[in-house]
Amino acid sequence: MSKEKDRELVSFDWAIKRLLRSKANFEVLEGFLSELLFDDIKILEVLESESNKDNEADKFNRVDIKVKNSKNEIIIIEVQFNDENDFFHRILYATSKTICEHLDEGDPYSKITKVISINILYFDLGEGSDYIYKGKTVFNSFHDKGILKLNQDQQETFQKEYPSDIFPEYYIIKVNNFNDVAKSTLDEWIYLLKNSAIKSNFKAKGIQQAGRVLDKMKMSKLERQIYDRFIDNRRIALGQYTTALNKGIRQERKIQEAKIKEIEEKHNKELQEKENKHKKEIQEKDTMLKEKDTMLKELANMLLKQGLTKEQILGKTGVKL
């Protein structure tokens, strides 16, 4: 039996910045977000900002989306596709900027909207073998290892139990770590993110709609030309990044090797100095012993001339004549 061929789709990062901004296609994004957050997510709008503008140079920008969850809470979700070494700093800055952008001047801090940062990475970040990571702010006690909660008045006012329900949350999806074995509906989405393809038996929310919306064969000739140019640009950018990264690694290796060599030379010099000092001390000690022997022999001869017996001289000087 021949193996079923995956249906080829346009890449998700292309789609989310173009095709999926249409309200008609929101169901696709809602499916992905619902599976990732284990909630029923409804998109209210795609938020336009400087970061959302399309241009040829902006190949890996971010998209901000305002959504509502099953509790009717309004949440700002960031979706980022970047490959920078300082990426953790970047997502910290981005969430902070998003919070500030959506708090009107004069509004109390209680109006701050929850931000969820979803970062889809096609490069390795940090050390870890899993392909999905979640981070949030938790205040652990110093002594009894408890977790800080909001007080009763705060819980009733804000309808939150913990500070982490207010602070941003971060999702890191390391696409390349996925082994292509879809064991859950969320895995089916990760498969799509990695391979730009889906299988006919996938059942994740919104994924079959994604297959229809992202079908590469349905694109016009002009759309395919633009898309192909985007893919080429991404390959070039990835190649440049990889080259720069490898160059940086080589330079860092040279620096480390030079430091190691310097430490080894310093260590060898110190050992040599200690060895020379030890040899000098031994030589000085030998000289002193020889001088002492000479003096004792001279003394023994003097005592012998003075009429002392050899036994008496041996007892006094330790010299055997």
I'd like to know if the side chain of [X] and the backbone of [Y] have a donor-acceptor N/O pair within less than 3.5 Å.
X: E265; Y: E262; value: no
X: N195; Y: A197; value: no
X: H102; Y: T98; value: yes
X: S34; Y: I41; value: yes

Handout entry: Side-chain donor-acceptor pair present, N268, Q272, cut-off under 3.5 Å
Key = no

Practice task
Go through the side-chain N and O atoms of Y131 and N179 and say whether any donor and acceptor fall under 3.5 Å apart.
Solution key: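 Short answer, no.
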
Is there a side-chain contact between [X] and [Y] (heavy atoms, below 4.5 Å)?
X: K149; Y: E161; value: yes
X: F32; Y: I120; value: yes
X: I77; Y: L37; value: yes
X: I75; Y: V115; value: no
X: K134; Y: E169; value: yes
X: I173; Y: L121; value: no
X: V46; Y: D64; value: no
X: I76; Y: I65; value: no

Practice task
Check the pair K279, E275 against salt bridge (Lys or Arg N to Asp or Glu O under 4.0 Å), reporting the backbone distance first and the verdict last.
Solution key: CA-CA 6 Å; K279 286 181 178 179; E275 186 177 350; 3.7 Å; yes

Mind checking whether [X] and [Y] sit in one hydrophobic cluster, side chains of I, L, V, M, F, W, Y counted as touching below 4.5 Å?
X: I166; Y: V67; value: no
X: L296; Y: L308; value: yes
X: L150; Y: I112; value: no

Between [X] and [Y], which heavy-atom pair has the shortest distance, and what is it?
X: Y133; Y: K174; value: CE1-CD, 3.8 Å
X: L44; Y: F26; value: O-CE2, 4.3 Å
X: I74; Y: T113; value: O-CG2, 3.3 Å
X: I43; Y: E30; value: N-OE2, 3.0 Å
X: A210; Y: W189; value: CB-CH2, 3.9 Å
X: P108; Y: L103; value: O-CD1, 3.7 Å

Basic-acidic side-chain contact under 4.0 Å: [X], [Y]:
X: K66; Y: E45; value: yes
X: D165; Y: K114; value: no
X: K97; Y: E101; value: yes
X: E270; Y: K274; value: no
X: D40; Y: K205; value: yes

Handout entry: Whether Y191 and F202 hold their rings parallel, tilted or perpendicular, with breakpoints at 30° and 60°
Key = perpendicular

Rounded to the nearest 0.5 Å, what separates atom [atom1] in [X] from atom [atom2] in [Y]?
X: S117; Y: Y171; atom1: OG; atom2: OH; result: 11.0 Å
X: Y109; Y: D107; atom1: OH; atom2: CG; result: 11.0 Å
X: I172; Y: N177; atom1: CD1; atom2: CG; result: 12.0 Å
X: E188; Y: L193; atom1: CD; atom2: CG; result: 12.0 Å
X: E156; Y: N151; atom1: CD; atom2: CG; result: 9.0 Å
X: N119; Y: T95; atom1: CG; atom2: OG1; result: 9.0 Å

Exercise for the section: Measure from the ring center of F87 to the ring center of Y93 and say whether it is less than 6.0 Å. Expected result: no

Practice task
Starting from the C-alpha separation in whole Å, work towards a yes-or-no answer on side chain to side chain contact (heavy atoms under 4.5 Å, CB included) for D187 and T185.
Solution key: CA-CA 5 Å; D187 282 352; T185 49; over 6 Å; no

Handout entry: Heavy atoms of other groups near Q209 CD, more than 12 under 6.0 Å
Key =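 Atom CD in Q209 is crowded, with more than 12 foreign heavy atoms closer than 6.0 Å.
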
Exercise for the section: Apply side chain to side chain contact (heavy atoms under 4.5 Å, CB included) to the pair T287 and E291, showing each step before the final yes or no. Expected result: CA-CA 6 Å; T287 301; E291 291 176 350; 3.7 Å; yes

Handout entry: Working for ring-ring contact (aromatic ring centres under 6.0 Å, His included), residues Y162 and F167
Key = CA-CA 9 Å; Y162 294 96; F167 281 72; over 10 Å; no

